[in-house]
Amino acid sequence: QVQLVESGGGLVQPGGSLRLSCAASGTFFSIIDMGWYRQAPGKQRELVATITNGGNTVYGDSVKGRFTISRDGAKNTVYLQMNILQPEDTAVYYCNAGILTIATKKTMIYWGQGTPVTVSS
């Protein structure tokens, strides 16, 4: 059983910063990649950032230069440092991971439960 548990969301003023964390727990062979997606009310879920176990990163256009994704392999944890937050960043942020599981011997995709981020004055 694999679980992703997010933390760090909340309310922040425009221009402020937040740091999200997502930890993977359970028994598995390895984590292939991890990332963050977000979904604002009435909108489709969109890519925020992803990072592979080799450290390669991809960012959504709207967050480039403001957000930084990083990963601690020893802790099976991915972080999202969000700076210069704007009201349009308001959304539920979901952690995502591609994990090579023992049970299936395949890479399975897992999602966290989501953590809300609200940017408002």
Side-chain angles (χ1 to χ4, degrees):
Q1 191 80 4
V2 176
Q3 280 190 316
L4 301 179
V5 179
E6 301 123 332
S7 61
L11 174 65
V12 64
Q13 292 187 342
S17 298
L18 279 178
R19 188 191 195 210
L20 306 182
S21 300
C22 171
S25 64
T27 304
F28 45 84
F29 284 125
S30 63
I31 298 176
I32 306 304
D33 54 21
M34 299 185 81
W36 294 92
Y37 289 73
R38 68 186 182 186
Q39 188 166 17
K43 294 187 177 181
Q44 289 188 333
R45 191 172 295 190
E46 64 173 357
L47 168 72
V48 177
T50 62
I51 185 167
T52 67
N53 59 4
N56 293 318
T57 58
V58 175
Y59 291 93
D61 288 341
S62 61
V63 306
K64 286 179 181 176
R66 300 188 297 124
F67 291 10
T68 302
I69 190 170
S70 60
R71 180 171 169 176
D72 185 334
K75 295 182 179 179
N76 294 325
T77 299
V78 65
Y79 306 95
L80 185 69
Q81 178 65 44
M82 305 186 293
N83 298 327
I84 319 176
L85 282 160
Q86 301 300 319
E88 51 266 35
D89 295 315
T90 295
V92 178
Y93 284 69
Y94 295 91
C95 178
N96 163 282
I99 296 177
L100 182 58
T101 67
I102 295 174
T104 67
K105 296 181 175 59
K106 294 179 181 179
T107 299
M108 307 294 290
I109 305 300
Y110 292 89
W111 291 91
Q113 79 283 359
T115 184
V117 171
T118 302
V119 184
S120 175
S121 55

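All values derive from a computational prediction rather than experimental measurement.
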Undergrad: Are Trp36 and Cys95 side-chain neighbours, meaning at least one heavy-atom pair lies under 4.5 Å?
TA: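 Side-chain contact under 4.5 Å: yes.
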Undergrad: Is there a donor-acceptor pair under 3.5 Å between the side chain of Tyr79 and the backbone N or O of Thr68?
TA: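 The answer is no, because no donor-acceptor pair under 3.5 Å joins these two groups.
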Undergrad: Which atoms form the tightest heavy-atom contact between Ile102 and Phe29, and what is the distance?
TA: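 Looks like CA-CE1, 3.6 Å.
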Undergrad: Do Arg45 and Val92 have side chains that get closer than 4.5 Å, going by heavy atoms?
TA: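 No. Closest side-chain heavy atoms not under 4.5 Å.
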Undergrad: Under the side chain to side chain contact (heavy atoms under 4.5 Å, CB included) test against Ile99, which residue among Asn76, Ile32, Val2 passes?
TA: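 Testing each of Asn76, Ile32, Val2 against Ile99, the sole residue satisfying side chain to side chain contact (heavy atoms under 4.5 Å, CB included) is Val2.
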Undergrad: What's the separation between atom OG in Ser21 and atom CD in Gln81, rounded to the nearest 0.5 Å?
TA: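 The CD atom of Gln81 is 9.5 Å from OG of Ser21, to the nearest 0.5 Å.
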Undergrad: Is Ile109 reachable from Leu4 through a run of I, L, V, M, F, W or Y residues, each pair having side-chain heavy atoms under 4.5 Å apart?
TA: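 Leu4 does not cluster with Ile109.
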Undergrad: Would you say Thr101 and Tyr110 make side-chain contact, with heavy atoms under 4.5 Å?
TA: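 Yes, their side chains come closer than 4.5 Å.
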Undergrad: Any heavy-atom pair between the side chains of Met82 and Val48 that's under 4.5 Å?
TA: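 No. Closest side-chain heavy atoms not under 4.5 Å.
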Undergrad: A side-chain contact here means heavy atoms from C-beta on lying under 4.5 Å apart; do Ser120 and Thr90 qualify?
TA: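 They are not in contact (no side-chain heavy atoms under 4.5 Å apart), so the answer is no.
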Undergrad: With a 4.5 Å cut-off on side-chain heavy atoms, are Val117 and Leu20 touching?
TA: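 A side-chain contact under 4.5 Å exists here.
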Undergrad: Given side chains that start at C-beta, do those of Met108 and Phe28 come closer than 4.5 Å, heavy atoms only?
TA: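 Met108 vs Phe28: side chains apart.
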Undergrad: Measure across Tyr59 and Leu47 and return the closest heavy-atom pair with its distance rounded to 0.1 Å.
TA: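 It is C-CD2, 4.5 Å.
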Undergrad: Under a 3.5 Å distance rule, please check whether Asn96 uses its side chain to pair with a backbone N or O of Gly35 as donor and acceptor.
TA: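 Pair absent, no side-chain N/O of Asn96 close to backbone of Gly35.
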Undergrad: Can you confirm whether Arg38 sits close enough to Ser62 that some side-chain heavy atom of one is under 4.5 Å from a side-chain heavy atom of the other?
TA: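 Yes, at least one pair of side-chain atoms sits under 4.5 Å.
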Undergrad: Supply the atom-to-atom distance Lys106 NZ to Leu100 CG, rounded to the nearest 0.5 angstrom.
TA: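 That separation rounds to 11.5 Å.
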Undergrad: Rounded to the nearest 0.5 Å, how far does CD of Glu46 lie from CG of Asp61?
TA: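 Asp61 atom CG to Glu46 atom CD measures 9.5 Å (nearest 0.5 Å).
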Undergrad: Count the heavy atoms belonging to other residues, nucleotides or ligands that lie under 6.0 Å from CD of Gln3, then report whether that count exceeds 12.
TA: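 No, because the 6.0 Å sphere around CD of Gln3 holds 12 heavy atoms or fewer from other groups.
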Undergrad: Quick one: closest heavy-atom pair of Cys22 and Met34, and the distance?
TA: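 Heavy atoms only, the tightest pair is O-CE, 4.0 Å.
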Undergrad: For Val78 and Ile51, work out which heavy atoms get closest and say how close.
TA: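 Result for this residue pair: CG2-CG2, 4.0 Å.
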Undergrad: Please check if atom CD in Glu88 has more than 12 non-hydrogen atoms from other residues, nucleotides or ligands closer than 6.0 Å.
TA: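 Counting other residues, nucleotides and ligands, CD of Glu88 exceeds 12 neighbours.
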Undergrad: Establish whether Val119 and Tyr94 are linked, either directly or via other cluster members, by ILVMFWY side-chain heavy-atom contacts under 4.5 Å.
TA: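 Val119 and Tyr94: separate clusters.
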Undergrad: How about Ser17 and Asn83: does a side-chain donor come under 3.5 Å of a side-chain acceptor?
TA: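 The answer is yes; a qualifying pair exists.
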Undergrad: Of all the heavy-atom pairs spanning Tyr93 and Asp89, show the shortest one and how long it is.
TA: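 The pair with the smallest heavy-atom distance is OH-O, 2.6 Å.
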Undergrad: Given 3.5 Å as the limit, does a donor-acceptor pair link the side chain of Gln13 with the main chain of Ser121, or not?
TA: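 A pair under 3.5 Å: no.
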Undergrad: Could you tell me the separation between the CD1 atom of Ile69 and the OG1 atom of Thr50, rounded to the nearest 0.5 Å?
TA: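 Nearest 0.5 Å value for the CD1-OG1 distance: 6.0 Å.
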Undergrad: Provide the closest heavy-atom pair for Leu85 versus Leu18 in the form atom of the first, atom of the second, distance.
TA: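 Looking at all heavy atoms of both residues, the closest pair is CD1-N, 3.8 Å.
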